Amino acid sequence: MPELRARIENETHFPQKAHRVATMTNHSAASSSPDQLKNRIQQRQARVGIIGMGYVGLPLALLFSEQKFTVTGFDIDQRKVDTLMRGESYIYRIAAEEIRTAQSQGFSATCDYSRLDAMDAIIICVPTPLNEYHEPDLSFITDTTRALAPHLRAGQLVVLESTTYPGTTEEVMLPILEKGNKHGLKAARGISSGASNGGEEFFVAFSPEREDPGNTTVARCDIPKVVGGVNPKAAELAGALYGSIFHRTVPVSSPAAAEMTKLLENIYRCVNIALVNELKMLCLRMGLDIWEVIEAASTKPFGFHPFYPGPGLGGHCIPVDPFYLSWKAQEFDFRTRFIELAGEINTNMPYHVLASIGGALNRQKKSVNGARVLILGVAYKRDIDDLRESPALTIIELLQHEGAEVSYHDPYFPFIGKGRKYDLQMKRTELDKLGEYDCIVIVTDHSDYDYKKIVGEAQLVVDTRNATKGIDSPKVVRC
Ligand SMILES: NC(=O)c1ccc[n+]([C@@H]2O[C@H](COP(=O)([O-])OP(=O)(O)OC[C@H]3O[C@@H](n4cnc5c(N)ncnc54)[C@H](O)[C@@H]3O)[C@@H](O)[C@H]2O)c1
């Protein structure tokens, strides 16, 4: 895996905030009526601009390109743009060949926002993290929108895809677009607007990304695309755009309904994972195997969907998104208690892992302090190259704080650099001297690992994922 890819992955939390000031204006881009735009979409002649070439934006760009659209990717990270322009990839599951095929279809990447003038549809896929007080950080959306507004022209369609609280598209993004554009353009609102008036209006919608990274069973184009427009014309145009690359679009009545749909999906996961995490801790105390119980419950043909316990939540979505809604709910004098409780339980899981490691070492008359500990798998989930919010990072820091000598291995990360919360600066170790560690902790159950061999050579294995299922050894502690 090229070093560059790992470096960009590690630093993906820290996109530079400075925008390139646009220097040119593309006067060739003419206004078009909504019907003309729809026609251009159907004929694959619409030019699609995607802002944010990350885990969401780049695969989306490739999907449009596969369907013969000419796509331009915009990003403030010059290294990503340069990598794409060389026909290379910085996301593990995207092969360089896919970038080069897209290039032959007209795909290019740029930091230059002035090229937005020429786009017919603009899709925004920038990060939506939490700030240090666990509140929504919309700065990436507002920065992007402010930079985009001067390039807006009549007839363009702007769609936000970043996960956010209900109201962001209309209350935050839309006013910036209206105030910041040079021509006094207004977003199309109401049912009558947009029918033939291409001179004064632009169109705005929200459509959430619903990808499941690492899922190879459902093709991206088979995930139905939820779309909510500010008015029916905007909904129709966004529906036509996404309908040309997804097999099914699901129209909802407003951008806020689409924003809330995405949050419901993620909150559902977050709450159910918290439930099984809590039940796992009870099962451990009762001498029961939660994995066996979940497997048995899953045989019920209705009314049960399995969720699995783990070392804590990770990724850009599940640990973050629910708190966007908690924050917004305060405006309505409402407490989202399920979200808060789930957050409390899930946040505690790395501490549970630390306690389990301590207990396991203690039974061998050893302490965490001074122990040599190997963390297996640091990505936040199996077989993916994403470190964001990974519980492995918290577990490493907790172990180091207790005086353990920590090493790690992950096939996807040759080193761990600086993240949003951590600056670990660790280099991956080899898997050759497993017997020298006092404890090996399976944090992420990548399918590349030979767990039988690992248990065979290890002194002690703490397994947070049931990766050692079926391996009967007194050296294994399931936690
Ligand atoms: N990763 C997922 O699996 C996933 C799934 C569903 C939804 N989402 C949501 O999609 C959004 C994007 O997530 P992601 O994982 O692609 O993030 P990412 O960090 O991988 O990519 C975001 C990209 O936006 C760029 N960027 C930031 N500010 C910019 C600006 N002003 N102009 C141009 N580019 C800018 C960054 O440099 C980066 O390349 C988030 O809201 C996330 O919650 C992500």
Side-chain angles (χ1 to χ4, degrees), residues 5 8-22 49-62 72-84 89-94 109-116 122-130 136-149 151 159-165 168-169 173 176 206-215 218 220 223 225-226 258-259 261-263 265-266 269-270 314-325 379-381 384-390 419-420:
R5 181 180 298 170
I8 292 176
E9 291 304 307
N10 276 330
E11 293 172 4
T12 192
H13 317 286
F14 288 96
Q16 311 134 27
K17 293 236 174 143
H19 288 289
R20 252 195 191 192
V21 178
I50 299 183
I51 306 182
M53 288 285 94
Y55 291 98
V56 167
L58 180 56
L60 186 67
L62 298 179
T72 310
F74 295 82
D75 207 290
I76 49 170
D77 188 334
Q78 185 71 55
R79 291 164 311 164
K80 286 187 177 172
V81 166
D82 292 344
T83 307
L84 294 174
S89 172
Y90 41 81
I91 295 180
Y92 186 76
R93 61 182 184 275
I94 297 176
T110 182
C111 292
D112 182 0
Y113 264 68
S114 71
R115 287 179 56 188
L116 285 167
I122 297 164
I123 302 175
I124 301 171
C125 307
V126 295
T128 42
L130 294 170
D137 173 4
L138 286 190
S139 61
F140 294 96
I141 291 183
T142 51
D143 285 358
T144 302
T145 314
R146 272 190 213 105
L148 151 64
H151 303 284
V159 187
L160 179 64
E161 282 216 11
S162 305
T163 309
T164 184
Y165 59 76
T168 308
T169 305
M173 202 177 90
I176 299 175
F206 180 86
S207 179
E209 169 54 50
R210 308 167 94 188
E211 198 203 6
D212 178 19
N215 184 331
V218 184
R220 196 164 177 175
I223 304 172
K225 196 82 171 102
V226 174
E259 289 159 339
T261 303
K262 172 71 186 177
L263 291 184
E265 291 166 8
N266 284 358
R269 283 194 67 73
C270 175
H316 188 23
C317 300
I318 312 293
V320 173
D321 303 343
F323 295 103
Y324 267 67
L325 191 63
Y380 81 86
K381 115 182 203 193
I384 64 161
D385 60 335
D386 194 343
L387 260 186
R388 290 176 295 176
E389 314 290 330
S390 175
R420 197 168 20 240

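None of these values were measured; they are calculated from a predicted model. Side chains included, hydrogens not; waters and symmetry mates left out as well; all remaining heavy atoms used. Just so you know, ligand 1 is whichever comes first in the structure, and atom 1 is the first atom listed for that ligand.
In terms of N/O distances under 3.5 Å, ligand 1 is not approached by E209. In terms of polar-atom proximity, defined here as any N/O pair under 3.5 Å, D386 makes no such contact with ligand 1. For ligand 1, the polar-atom distance check finds an N/O of T128 within less than 3.5 Å of one of the ligand's N/O atoms. For ligand 1, the polar-atom distance check against K80 finds a nitrogen or oxygen pair separated by under 3.5 Å. At least one N or O atom of Y113 sits closer than 3.5 Å to an N or O atom of ligand 1.
Within the listing of ligand 1, atoms 29 (C), 30 (C), 31 (N), 32 (N) sit less than 4.0 angstrom from a heavy atom of T144. Close approach of ligand 1 to D75 (heavy-atom distance below 4.0 Å) involves ligand atoms 23 (C), 24 (O), 25 (C), 33 (C), 34 (N), 36 (C), 37 (O), 38 (C), 39 (O). Atoms of ligand 1 found under 4.0 Å from any heavy atom of F140 (numbered from 1 in listed order, with element): 27 (C), 28 (N). Within the listing of ligand 1, atoms 6 (C), 7 (C) sit less than 4.0 angstrom from a heavy atom of K262.
Checked by atom type and distance alone, the side chain of D321 never pairs as donor or acceptor with a backbone atom of N266 at under 3.5 Å. Side-chain N or O atoms of K225 include one that pairs as donor or acceptor with a backbone N or O of P208 at under 3.5 Å. Between the side chain of T72 and the backbone N or O of A109 there is no donor-acceptor pair closer than 3.5 Å.
The side chain to side chain contact (heavy atoms under 4.5 Å, CB included) test with E389 singles out one residue from C317, P319, P129, and that residue is P319.
Taking the charged nitrogens against the carboxylate oxygens, R93 and D386 have no contact shorter than 4.0 Å, which rules out a salt bridge. At a threshold of 4.0 Å, the pair D82-R79 does not count as salt-bridged, since none of the basic side-chain nitrogens sits closer than that to a carboxylate oxygen.
Across all non-hydrogen atoms, the minimal contact from K262 to R210 is NZ-CA, 4.0 Å. Closest non-hydrogen pair, I384 versus A379, comes out as O-CB, 3.1 Å. The minimum heavy-atom distance between T128 and T163, with the atom names listed, is OG1-O, 2.7 Å.
D112 and T110 share no side-chain donor-acceptor pair at under 3.5 Å.
Of the options G57, P127, G52, P59, the smallest heavy-atom separation from atom 27 (C) of ligand 1 is shown by P127. Taking only non-hydrogen atoms, the option from P213, C111, S162 nearest to atom 3 (O) of ligand 1 is P213. Summarising the contacts of atom 33 (C) of ligand 1 with I51, V320, I50, the nearest heavy atom is found in I51. Here the shortest heavy-atom distance to atom 21 (O) of ligand 1, taken over G73, G54, G315, belongs to G54. In this structure, of E265, H316, R388, the residue bringing a heavy atom nearest to atom 18 (P) of ligand 1 is R388.
Heavy atoms of R210 found under 4.0 angstrom from ligand 1: none, in either backbone or side chain. With a heavy-atom cut-off of 4.0 Å, C317 touches ligand 1 through its side chain alone. Contacts between Y90 and ligand 1 below 4.0 angstrom, taking non-hydrogen atoms only, are absent altogether. Residue contacts with ligand 1 for R79 are absent, since no atom lies close enough (heavy atoms, distance under 4.0 Å).
Taking 4.5 Å as the limit, some side-chain heavy atom of E161 sits within range of a side-chain heavy atom of L60.
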